[in-house]
Amino acid sequence: MVSDSQRPDSGGARTAGDFVISAGRFSLAMGLLGVRQATRLLSGQRAQTAAAFDEVSDVASRQLTGVTRSAFAVGTNLQHGLVDAAIGVSRVSSRNQSTSGSATGLKMSLRKSASRRLTGVRTVASGALRRQVPQAELIRRLASYQAEIVAGGRAREQTVAGLWKSEGLATTIAKHRLPENSWNDPALPRSMLPVVHVGFGSGSTSHHVFDAAALNTVFADTCANDYRGFAYEGIGAILRAHESGFFKFMAGALGLMRLDAPDGPNPSDFFAAYLKQFPPPIQRIIAHGYGRIFAFSHMDVYDAIRDAIRLPQERVEPVVHGAGFAFAMMNSPDLPHILRHSAVPFDPAVRAAFQNGLIYGLVFMEWYMPGMLANWKPESVLETEMIEHARRESALDLKRGFPLVARLADPRT
């Protein structure tokens, strides 16, 4: 087989447009398979369908290379999204869900959903470097990401892009750390500290291959005291990213992690054996980080929540909270609409966890780039409630001097 790098028309400078075209063509080529599998689903042949998808995915992951491999990752996610769109709407009601709230208000088009997930992964990857970064350069680069937001008018999507690039750069420090690298440096603006600690935790988890003792040591040595918990959230993100599946494949294809990255710890009973190495408050933070990537790896937020409520009971709230946080981040241009339709049709505790995650996302953005919440003009009763709640939480953060990790001081119930 000839790889993309060996083709005379590929070179090393494929544009974003070329990538999207390749992804689209590959998705169309998979259309016949999608129709066949949808027919099997509707006729009840679920096991056979799952096996067929797994077989195709396995063959592709072993045979494709370069941009074609990336295109397949996107195309396969779209295929699953199309099947979900065809049969998933009828699954909204279940014994664990309330019939109140909208079952469609947070639905995104497949193109938008796939594009935003792809953008998120690629933006985080764009901030990472494959070399050591002196402390002065680290500070300069982080400041430049914030300066880009100010120059661009502080739009929500620009703020999120700055957060993601900063997170990616922090993974570099974890993987190529110099003795001088420290998150205790007073030259680092405190607005940067939450997100860089998350990225540092993610990069450290990959670098130390989930070694809990090593992670505890490196976090104690390198992290700022009030922000160390954010590093543990990075562990949860990598637990999900390293699980075998389409998201891991896509993340590797797009450079967020190694294509041959190992699988994570045993996932049985939501990583029970692994998580018992940490105290319960840290376990919740790790589960929240898992929820962030859980949202990224589902094409539909309702499906993400449905899957989350099947987890062990004590993990549901942090995972749904994390999913709400990530959903706010990846869909930042649509946040007013999302807040107005945030009363998702699930049990009150699950709905509250999701809404608290959305509010936490607003607070997280506000800490990084102040002024967003003050200028927000809500247009509905629920949106007003959510924005006022975020403003109160942000005021508490400022009074405290640092934001809370993965939770609100006064959550909705």
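Predicted model, so just to flag it, every value in this text is computed and none were measured.
The two atoms that bring Ala295 and Arg117 nearest to each other are O-NH2, 3.4 Å, heavy atoms only.
Residues in residues 284-296 take part in these side chain to side chain donor-acceptor pair (under 3.5 Å) pairs, two or more places apart or across chains: Glu167-Arg292, Glu233-His288, Arg240-Tyr290, Glu243-Tyr290, Arg284-Glu317, His288-His321.
With Thr222 as the partner, the side-chain hydrogen bond (donor to acceptor under 3.5 Å, both in side chains) test is satisfied by one option alone out of Arg177, His197, Arg228: Arg177. If you run side-chain hydrogen bond (donor to acceptor under 3.5 Å, both in side chains) between Glu383 and each of Arg340, His341, His337, only Arg340 comes through.
The side-chain contact (heavy atoms from CB on, under 4.5 Å) test applied to Ser182 returns Asn184, not counting sequence neighbours. Under the side-chain contact (heavy atoms from CB on, under 4.5 Å) criterion, Leu398 pairs with Arg190, Trp367, sequence neighbours left out. Take Glu157 and apply the salt bridge (charged side-chain N to carboxylate O under 4.0 Å, His left out) test, not counting sequence neighbours, and it matches no residue. For Arg141, the salt bridge (charged side-chain N to carboxylate O under 4.0 Å, His left out) partners at least two apart in sequence or on another chain are Glu137. Taking Lys112 as the reference, Met108, Ser109, Arg116, Asp334 meet the side-chain contact (heavy atoms from CB on, under 4.5 Å) condition, with sequence neighbours excluded.
Side-chain N/O atoms of Ser144 and Arg140 include no donor and acceptor closer than 3.5 Å.
Relative ring orientation between Phe210 and Tyr274 is described as perpendicular, the plane-to-plane angle rising above 60° on a 0-90° scale split at 30° and 60°.
Phe364 and Phe325 have their aromatic ring centers within a separation under 6.0 angstrom.
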Checklist line | Check against side-chain contact (heavy atoms from CB on, under 4.5 Å), Leu362 and Trp376 | finding: CA-CA 11 Å; Leu362 294 169; Trp376 198 297; 3.8 Å; yes

